[in-house]
Amino acid sequence: MFRIGRRATTRLSAAILVAGLSVGGSLATAGVAAADDHNPAGGTLATLRAEMSHTGGATINGESVKAGLFTMDIAGGGTLQSYCIDAHTPTVSGATYQEKSWAESSLANNPDAGKIHWILKNAFPQVDEAALAKAAGITGEFTKNDAAVGTQVAIWRYSDHVRAEAKDAEAEQLADYLEKAAQSVEEPGGSLSLSAPAVAGNAGEKLGPVTVTTNAGTASVKVAGEGVKVVDASGNPVTGVANGSELYVDVAEGTPAGTAEVTVEGSVELSVGRAFTGVGVKTQTQILAGSTQGKVASSFTATWSEKETTGAVLAAEAVNNCAKGGVDVKVTNSGDEAGEVTIGGEKHTVEAGKDVTVTVPVKEDAEYSIAVTGPNGLDQTFTGILDCQTASEGGSEAPKPSTAPSPAGDQGDKADDGTNLAETGSNSATPVIAGVAIALVVVGGVTMLVLRKRKSA
């Protein structure tokens, strides 16, 4: 006979509930894996926080939304503040973002990208609320929340080309002022990038050059490898570089064939107006509104041989090409013989000392996987998501703004109106709720099974 008391049933239910909560907690804390700080692609990497700051109410095409500033944590230290430039796409809390050029984002085909840059340079938080109120002729109560909301609304009018309005009268007045005053400003420079992902040659030679592009005052240079050092064109050892510096890898004669990695690392305050897109996840594109000093790094590899010839030495890199609706795969041959490569299933020949760029077509918002193979160990696969348009583009009827609930932001010194806002973020607590719900279902099923067996007994 099967018998179980009420206390035992309660203990069993509690145990299952705890297990469910554990699962939910695991889901909640799982996120996009942090990318390597020393990424060959260069550019700053950052993680989106769940909480927004300085928020308030707004509408997009009549639909209620929450507007405000986002915060991202830079890999290696430092923070970024940003606004959304794709109001109809939800954010993914904890997503990893990477700094991109405008050509790799939805700004590529936007004739008003320069006006967005002007707004960012002349609005909150670059300009405080008191100065903004004076410039816009605002006489009523005007807070940081209003300044952030008004700035975001003005940006949406140019990034998404929608009917965006702030619910607060003062915030709306600022948005109107910024929209009318905006002028086209050129794209800002990137934080750090290198001209090539790899160099090659023979022992006893200087391999290179690789040119550094950065807005950091100075950046350090480190090399990992035996019998090699980083030098300039005159052969002088280099430990620090600035924008435009050329780097060579000097391999001592007689050094056995091998490879070395050179890392350029600096501390920069990123330029306002840089775009940030998700790494391996579809999430709202952000545009930089402010930055603390943060770490940024990029690297390249050097390969050498003891022989008189090196053969084909190939290195590949890939960037989104939003103007052409695809991914540009560039293969560089720094060796002394031609090499045949396969890019996305198609064969191409890369002559010695030359490079080949192939644009692989990819559908918007589609995940892609592009394999690149060739001689001497070239075997790379580039994956990602092509995010070149705002969600409101490409259709006759604009979708509603994201209804995914955003984490509670800092309400600051002037709270929202309390309405049920369709917000521009996702809730990091959702997996916990799902885990608890699953646990409760399991508890209910087990309890019913127990009661049925008791009744049979």
Side-chain angles (χ1 to χ4, degrees), residues 36-44 98-101 103-104 189-203 205-216 219-225 228-235 238 240-251 257-266 296-305 310-321 327-339 341 343 348-359 370 372-380 382:
D36 185 358
D37 289 353
H38 298 172
N39 63 97
T44 300
Q98 185 164 22
E99 177 189 358
K100 296 290 186 181
S101 66
E104 298 175 78
S191 59
L192 175 64
S193 62
L194 302 174
S195 62
V199 293
N202 298 313
E205 298 178 346
K206 289 190 303 181
L207 316 182
V210 172
T211 304
V212 179
T213 302
T214 182
N215 63 1
S220 63
V221 180
K222 300 177 183 178
V223 59
V228 298
K229 58 183 177 180
V230 180
V231 299
D232 60 18
S234 300
V238 173
V241 293
N243 185 51
S245 296
E246 290 188 339
L247 302 179
Y248 295 80
V249 178
D250 188 357
V251 184
T259 62
E261 181 179 58
V262 178
T263 300
V264 180
E265 184 176 285
V296 61
S298 187
S299 62
F300 69 93
T301 58
T303 303
W304 63 90
S305 172
T310 60
V313 180
L314 307 171
E317 55 185 325
V319 295
N320 289 350
N321 186 332
V327 177
D328 281 348
V329 178
K330 179 181 178 180
V331 178
T332 302
N333 184 357
S334 53
D336 51 20
E337 293 180 1
V341 298
I343 303 174
H348 302 270
T349 298
V350 187
E351 299 296 334
K354 305 289 184 180
D355 60 71
V356 168
T357 299
V358 177
T359 302
I370 304 171
V372 181
T373 58
N376 293 330
L378 177 63
D379 187 2
Q380 291 179 259
F382 297 101

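Thr373 places none of its side-chain heavy atoms less than 4.5 Å from the side chain of Val341. Looking at heavy atoms from C-beta onward, Val327 lies out of side-chain contact with Val319 at the 4.5 angstrom threshold. Residues Asp328 and Val358 fail the side-chain proximity criterion, which asks for heavy atoms closer than 4.5 Å. Considering only heavy atoms from C-beta on, Trp304 comes within 4.5 Å of Val251 through its side chain. Counting only heavy atoms from C-beta outward, the side chains of Val329 and Val372 approach each other to under 4.5 Å. You'll find the side chain of Val264 stays beyond 4.5 Å of the side chain of Ser298, heavy atoms only. Side chains of Val262 and Val221 form a contact here, defined as non-hydrogen atoms less than 4.5 Å apart.
Separation of atoms OG1 (Thr357) and CD (Glu317) is listed at 8.0 Å; rounding is to 0.5 Å. Remark: Ile343 CD1 to Phe382 CZ distance equals 9.0 Å, nearest 0.5 Å. With rounding to the nearest 0.5 angstrom, the OG1 atom of Thr332 is 12.0 Å from the NZ atom of Lys354. To the nearest 0.5 angstrom, Ser334 atom OG is 8.5 Å from Leu207 atom CG.
Side-chain contact, Ser191 with Glu99: a donor N or O sits under 3.5 Å from an acceptor N or O.
In this structure, the side-chain hydrogen bond (donor to acceptor under 3.5 Å, both in side chains) partners of Ser101, at least two apart in sequence or on a different chain, are Glu104. Partners of Thr301 according to the side chain to side chain contact (heavy atoms under 4.5 Å, CB included) rule, which considers only residues two or more places apart in sequence or in another chain, are Ala198.
Heavy atoms only, all atoms of each residue included: Gln98 and Gly43 are closest at NE2-O, 4.4 Å. When all heavy atoms are compared, the tightest approach of Ala257 to Ser305 is CB-CA, 4.0 Å. Closest of all the heavy-atom pairs between Ala316 and Val331 is CB-CG2, 4.1 Å. Between Ala312 and Ala338, the shortest heavy-atom distance links the atoms CB-O, 3.8 Å. Closest non-hydrogen pair, Ala260 versus Val223, comes out as CB-CG2, 4.2 Å. Of all the heavy atoms in Leu314 and Val350, the pair that sits closest is CD2-CB, 4.4 Å.
Not a single donor-acceptor pair under 3.5 Å links the side chain of Ser299 to the backbone N or O of Thr263. Here the side chain of Asn333 pairs a donor or acceptor atom with the backbone of Val313 at under 3.5 angstrom. Under a 3.5 Å cut-off, the side chain of Glu337 and the backbone N or O of Gly311 do not form any donor-acceptor pair.
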In residues 241-250, what donor-acceptor pairs under 3.5 Å come from side-chain atoms, sequence neighbours left out?
residue: Asn243; atom: OD1; partner: Thr214; partner atom: N; Å: 2.9
residue: Ser245; atom: OG; partner: Ala242; partner atom: N; Å: 3.0
residue: Ser245; atom: OG; partner: Ala242; partner atom: O; Å: 2.9

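Crowding of Lys206 atom NZ: a count of heavy atoms from other residues, nucleotides or ligands under 6.0 Å exceeding 12.
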